[in-house]
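Just so you know, ligand 1 is whichever comes first in the structure, and atom 1 is the first atom listed for that ligand. Just the heavy atoms: all of them, side chains too, but no hydrogens, waters or symmetry mates, feed the values below. Predicted, not measured: the structure shown is a model, and the values here were computed from it.
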Amino acid sequence: MPKQYSFKTDKVLKRYWEDISEVTQYLWQKGWAERNAGNLSIDITGEVAAPKEFSQYMKYPLQKCGKNLAGRLFITTITGARLRDIAKDRENTLLVVMIAKDLSGYYVLNVKKGAAKKATSEFPSHLMVHGMLRASNSPKRAVIHTHPNNLIALSQMKEFKNEAKLNAVLFGMHPEVRVVLPKGVGFAPYRCPGSLDLAEATIGSLKGKSITVWEKHGVVSAGVDIFESFDFIDTIAKAADIYFLCKMAGEEPEGLSGAQLKEIDGAFGNS
Ligand code: 13P
Ligand code: ZN
């Protein structure tokens with residue numbers, strides 16, 4: 001194990017592991033992280049020194065990556081890893097990677113060459129979101145993808161398979177959705193997991209928003225840190241839960257009115 005990038009011995013990485021462990025336990029407890037479901041990435045460029053020489057590191061190819069990510073460092077989950085295991089097994093669940101300066105691939109810095117541990121299969125989506133964030137000088141650096149049951153259920157329903165309708169139902173279920181996410185959520189039509197198509201649909205649907213719903217699959221959220229990224233998901237997942245609680249009680253939820261949403265916008269300075 002190259003010592004320099006160890007989640008056990010490096011102070012900065014250890015701190016990240018602690019935060020990631022906390023949040024991934026929440027994801028597991030919520031029932032959103034079955035088996036290897038979900039993944040995350042955090043841009044840690046500048047917080048950990050980049051290596052100067054790369055021959056000792058495993059390199060994996062990248063299909064597509066924005067120029068603005070050249071040389072940047074990320075923490076990411078390993079494909080196939082169980083998120084619930086991160087808290088007890090940091091070395092077999094998390095990677096520190098660096099994007100090659102020529103964008104041809106990424107180096108794995110915390111694992112011995114030959115160990116065959118690759119970044120999440122959703123790395124294309126993570127990288128596109130990070131590229132978009134850097135391009136807009138956003139302070140957001142932490143991206144989570146997870147599988148919240150009731151949001152996925154909503155995205156299965158013909159009625160809600162578009163951005164306007166999905167936002168209308170989520171805004172209507174709880175005032176906090178409008179407070180926390182005044183721009184609402186994006187909606188990315190179904191694309192194959194792990195594909196570049198899905199990555200493109202993701203950034204196409206985010207457009208200045210913090211979170212998007214992947215039809216029949218899950219969500220992708222971007223926050224300044226992993227806690228904020230989780231909070232965005234938690235907020236809209238609660239709204240979806242309330243929708244289904246009403247339905248299960250045999251009632252059609254009334255929803256907040258347009259006037260009530262306007263009042264919230266005024267009170268909380270949403271533009
Ligand atoms: P990974 O194990 O490759 O991260 O895949 C999990 C997942 O949720 C794919 O969408
Ligand atoms: Zn997934």
Side-chain angles (χ1 to χ4, degrees), residues 7 16-17 20-21 23-43 58 60-65 74-97 99 105-106 108 110-111 115-130 142-156 161 166 185-206 211-223 226 229-230 232-234 236-237 240:
F7 284 96
Y16 272 111
W17 165 71
I20 293 168
S21 296
V23 169
T24 47
Q25 286 305 303
Y26 300 158
L27 299 176
W28 166 247
Q29 286 151 9
K30 291 266 183 194
W32 301 344
E34 75 282 2
R35 195 173 177 267
N36 64 312
N39 31 70
L40 58 90
S41 61
I42 306 175
D43 189 332
M58 199 77 188
Y60 293 102
L62 277 176
Q63 265 182 292
K64 198 177 170 185
C65 180
F74 296 91
I75 292 173
T76 174
T77 44
I78 296 176
T79 183
R82 295 182 180 94
L83 295 197
R84 67 178 189 263
D85 285 350
I86 292 176
K88 64 177 182 197
D89 185 9
R90 55 197 122 172
E91 305 297 343
N92 289 305
T93 50
L94 295 177
L95 296 182
V96 180
V97 304
I99 308 298
Y106 65 90
V108 174
N110 65 322
V111 172
K117 287 176 184 162
K118 282 171 80 172
T120 168
S121 59
E122 303 293 3
F123 209 32
S125 285
H126 284 266
L127 288 180
M128 277 214 197
V129 174
H130 284 292
V143 175
I144 299 177
H145 160 57
T146 189
H147 298 175
N149 303 349
N150 287 344
L151 283 165
I152 299 169
L154 273 183
S155 80
Q156 287 276 358
K161 279 173 46 173
L166 184 62
V185 304
F187 180 76
Y190 182 82
R191 297 287 186 271
C192 186
S195 64
L196 217 45
D197 268 2
L198 178 58
E200 266 149 18
T202 305
I203 55 161
S205 64
L206 270 172
I211 185 162
T212 193
V213 174
W214 282 354
E215 180 184 344
K216 298 174 188 161
H217 183 156
V219 296
V220 174
S221 173
I226 192 135
S229 185
F230 172 80
F232 292 146
I233 307 168
D234 202 22
I236 58 163

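A centroid separation of less than 6.0 Å is found between the aromatic rings of Y106 and F123. Aromatic pair H147/H217: centroids less than 6.0 angstrom apart.
The backbone N or O of V96 sits less than 3.5 Å from a side-chain atom of N110, completing a donor-acceptor pair. Side-chain atoms of E122 never come within 3.5 Å of backbone atoms of P193 as a donor-acceptor pair (strictly under, hydrogens ignored). Listed for the S229 side chain is no donor-acceptor partner under 3.5 Å among the backbone atoms of V143. Of the possible polar contacts, none joining the E215 side chain to the P189 backbone as a donor-acceptor pair under 3.5 Å is found.
Ion pairing between D234 and K30 holds under the 4.0 Å rule for side-chain N and carboxylate O.
For K216, there are no salt bridge (charged side-chain N to carboxylate O under 4.0 Å, His left out) partners, not counting sequence neighbours.
Legend: protein N/O/S atoms lying under 2.8 Å from the Zn ion (ligand 2), waters omitted, number 3.
Each salt bridge (Lys or Arg N to Asp or Glu O under 4.0 Å) pair with one or both residues in residues 195-205, not counting sequence neighbours, appears once here: K64-E200.
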Pairs of nitrogen or oxygen atoms, one from ligand 1 and one from the protein, closer than 3.5 Å: please tabulate them with distances.
residue: ligand 1; atom: 2 (O); partner: N36; partner atom: ND2; Å: 2.7
residue: ligand 1; atom: 2 (O); partner: G80; partner atom: N; Å: 2.7
residue: ligand 1; atom: 3 (O); partner: T79; partner atom: OG1; Å: 2.6
residue: ligand 1; atom: 3 (O); partner: S121; partner atom: N; Å: 2.9
residue: ligand 1; atom: 3 (O); partner: S121; partner atom: OG; Å: 2.6
residue: ligand 1; atom: 4 (O); partner: N39; partner atom: ND2; Å: 2.8
residue: ligand 1; atom: 4 (O); partner: T120; partner atom: OG1; Å: 2.7
residue: ligand 1; atom: 5 (O); partner: S121; partner atom: OG; Å: 3.4
residue: ligand 1; atom: 8 (O); partner: G38; partner atom: N; Å: 2.9
residue: ligand 1; atom: 8 (O); partner: H145; partner atom: NE2; Å: 3.4
residue: ligand 1; atom: 8 (O); partner: H147; partner atom: NE2; Å: 3.1
residue: ligand 1; atom: 10 (O); partner: E122; partner atom: OE2; Å: 2.5
residue: ligand 1; atom: 10 (O); partner: H145; partner atom: NE2; Å: 3.3
residue: ligand 1; atom: 10 (O); partner: H217; partner atom: NE2; Å: 3.0

